[in-house]
Amino acid sequence: MNGPQLSELPDDSEQLQPYVVSLRRGALQASELSAVRTLSDGFLLKFLRARDFDVDLSLKLLLNYQRWRQESPEISGCLSPLSVLGLLSTSYHGVLPQRDHTGSRVLVYRIGQWNPKDWSAFQVFSISLMTSEIISMEAQTQRRGLKAIFDLQGWSLGHAWQINPSLARKISSVLSDSFPLKVRGIHLVNEPMFFRPVFAMIRPFLPEKIKQRIHMHGVDYHDTLGDFFSSAILPPEYGGEGPGIEEVCQDWTNQLLRKETLLQQIATHPTADIAITAEDSLISGEETEG
Ligand code: VIV
């Protein structure tokens with residue numbers, strides 16, 4: 001069986017065990033993780049699915065993920081939806097209730113809702129990390145990845161000042177090989193001219209594969225966003241007929257708030273070896289798998 005086919009099997013399939021066992025062995029041998037006692041099957045499967053069951057690549061991703069977290073305590077050390085509730089309440093971010101036609105999760109970020117005087121880039125980044133941790137628990141998202149729509153209307157110098165080269169590096173790392181999620185598309189809409197210098201800081205560190213998945217739609221995005229997403233799932237604000245963006249963001253904020261304890265656990269646990277239970281992974285409105 002090849003990797004993509006293995007990916008389709010459920011978590012408890014016997015056929016996955018040799019891969020889980022071999023990734024666990026590799027991880028426990030690595031010096032970074034020598035202090036870890038347990039690495040749950042569910043945790044390891046995230047990395048295996050993200051790399052189509054290539055154990056070497058999965059191990060590299062796992063070590064990068066641990067290293068990124070250690071090097072970014074200002075972002076990953078506090079995963080608390082309550083601590084950024086003021087920003088979430090502005091409808092800055094939501095996950096569409098429906099996956100796209102390929103099964104990807106679709107995330108929306110509205111940069112204009114972020115007032116850089118009130119919220120640091122680290123806090124803003126932590127919101128993406130929280131959503132990523134939650135959706136990466138879903139087997140279907142592990143298989144089909146995510147797509148993100150960034151609405152850059154309102155992007156200002158105040159935002160740009162917050163993105164320095166070190167943060168740009170951290171952005172490109174999570175997009176390439178430091179988080180167990182397949183990034184299947186990044187769609188920028190309403191990006192102003194002076195977003196270019198910021199993008200120029202991020203771009204050089206991205207692998208070719210990811211670069212090709214970044215689409216700049218400009219202000220006339222209504223014509224082009226529809227080439228990628230069906231209008232049934234897009235909010236009317238983005239040219240679709242799906243639920244409105246305010247509702248989408250409010251619903252997702254509530255989902256995040258329900259995960260406050262779980263997220264804080266993930267943040268404070270130095271090795272992230274959290275046993276993911278069926279109950280934790282249940283995202284309302286969608287069936288879980290056996
Ligand atoms: O966090 O798969 C200058 C994606 C993103 C993630 C994470 C994962 C992921 C697609 C990002 C996208 C957003 C963690 C796992 C990188 C957080 C960005 C936070 C900053 C502060 C937002 C500022 C605005 C950016 C806008 C453009 C970024 C794109 C080129 C990604």
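Just so it is clear, the structure is predicted and the values come from calculations on it, not from any experiment. Note that these values count all heavy atoms, side chains included, but never hydrogens, waters or copies made by symmetry.
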(message) Pair L107, K147 - check side chain to side chain contact (heavy atoms under 4.5 Å, CB included), show working.
(response) CA-CA 6 Å; L107 283 51; K147 286 166 191 156; over 6 Å; no
(message) As a quick check of understanding, evaluate side-chain hydrogen bond (donor to acceptor under 3.5 Å, both in side chains) for S76 and W68, giving each step before the final call.
(response) CA-CA 9 Å; S76 68; W68 191 96; over 6 Å; no
(request) Kindly determine whether H187 and F229 satisfy ring pair (Phe, Tyr, Trp, His ring centres under 6.0 Å), including the steps that lead there. (result) CA-CA 11 Å; H187 296 268; F229 302 99; 5.0 Å; yes
(request) Applying side chain to side chain contact (heavy atoms under 4.5 Å, CB included), run through Q5 and N2 and close with a yes or a no. (result) CA-CA 6 Å; Q5 279 173 307; N2 65 28; 3.3 Å; yes
(request) Show your reasoning for whether ring pair (Phe, Tyr, Trp, His ring centres under 6.0 Å) applies to F228 and H217. (result) CA-CA 11 Å; F228 296 89; H217 293 270; 5.7 Å; yes
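Side chain of R184 to backbone of R144: a donor-acceptor contact under 3.5 angstrom is found. Without hydrogens or angle criteria, E191 side chain to L152 main chain gives no donor-acceptor distance under 3.5 Å. For S83 (side chain) and S80 (main-chain N/O), a donor-acceptor pair under 3.5 Å exists by modelled atom type. Listed for the Q113 side chain is a donor-acceptor partner under 3.5 Å among the backbone atoms of T90. Remark: side-chain polar atoms of S230 are not paired, donor with acceptor, to backbone N or O of G226 under 3.5 angstrom. Of the possible donor and acceptor atoms, one in the side chain of Q123 sits under 3.5 Å from a partner among the backbone N and O of S120. Distance alone, capped at 3.5 Å, is enough to place a donor-acceptor pair between the S58 side chain and the D54 backbone. Q153 contributes no side-chain N or O that, together with a main-chain N or O of N190, makes up a donor-acceptor pair within less than 3.5 Å.
Residues that satisfy the side-chain hydrogen bond (donor to acceptor under 3.5 Å, both in side chains) test with Q264, not counting sequence neighbours, are E260. Every residue was checked against the ring pair (Phe, Tyr, Trp, His ring centres under 6.0 Å) condition with W119, not counting sequence neighbours, and none meets it. Evaluation of the ring pair (Phe, Tyr, Trp, His ring centres under 6.0 Å) rule for F195 yields W155 as partners, not counting sequence neighbours. Remark: F205 engages no residue in a ring pair (Phe, Tyr, Trp, His ring centres under 6.0 Å) (not counting sequence neighbours). Legend: residues meeting salt bridge (charged side-chain N to carboxylate O under 4.0 Å, His left out) with D177, ordered by chain and number and at least two apart, are R51, K60.
Counting only residues at least two apart or in different chains, side chain to side chain donor-acceptor pair (under 3.5 Å) contacts with residues 18-27 comprise R24-D41.
Follow the hydrophobic side-chain contacts under 4.5 Å out from L167 and you reach Y92 in the same cluster. Under the 4.5 Å side-chain heavy-atom criterion for Ile, Leu, Val, Met, Phe, Trp and Tyr, W161 and I163 are members of distinct hydrophobic clusters. In the hydrophobic cluster analysis, where Ile, Leu, Val, Met, Phe, Trp and Tyr join through side-chain heavy atoms closer than 4.5 angstrom, L96 is grouped apart from I111. Cluster membership check: F150 does not share its hydrophobic cluster with V106, using side-chain heavy-atom separations under 4.5 Å among Ile, Leu, Val, Met, Phe, Trp and Tyr. Residues W114 and V108 do not share a hydrophobic cluster, defined by chaining ILVMFWY side chains whose heavy atoms lie under 4.5 Å apart.
In this structure, a donor-acceptor pair under 3.5 Å is present between the side chains of T131 and W252. Side chain to side chain, Q140 and R143 meet the donor-acceptor criterion of an N or O pair below 3.5 Å. Counting only N and O atoms by type, the side chains of S91 and E246 include a donor and acceptor under 3.5 Å apart. Side-chain atoms of R99 and T141 include a donor-acceptor pair closer than 3.5 Å.
With respect to the salt-bridge test (charged N to carboxylate O, under 4.0 angstrom), the residues R105 and E138 qualify. Remark: E71 does not engage R169 in a salt bridge, criterion side-chain N to carboxylate O under 4.0 Å. Using a cutoff of 4.0 Å between basic side-chain nitrogens and carboxylate oxygens, D11 and R49 are scored as salt-bridged.
The aromatic ring centres of Y65 and F47 sit less than 6.0 Å apart.
Contact detail for I245 and P235: the closest heavy-atom pair is N-CB, 3.8 Å. Taking each heavy atom of A27 and L62 in turn, the nearest pair found is CB-CD2, 3.7 Å. Counting all heavy atoms, side chain and backbone alike, C78 lies closest to S126 at O-CB, 4.0 Å. The minimum heavy-atom distance linking S128 with Y109 is given by the pair OG-OH, 3.0 Å.
A heavy-atom distance below 4.5 Å is not found between the side chains of L48 and L16. You'll find the side chain of E133 reaches within 4.5 Å of the side chain of F179, heavy atoms only.
Heavy atoms from other residues, nucleotides or ligands lying under 6.0 Å from CE of M1 number more than 12.
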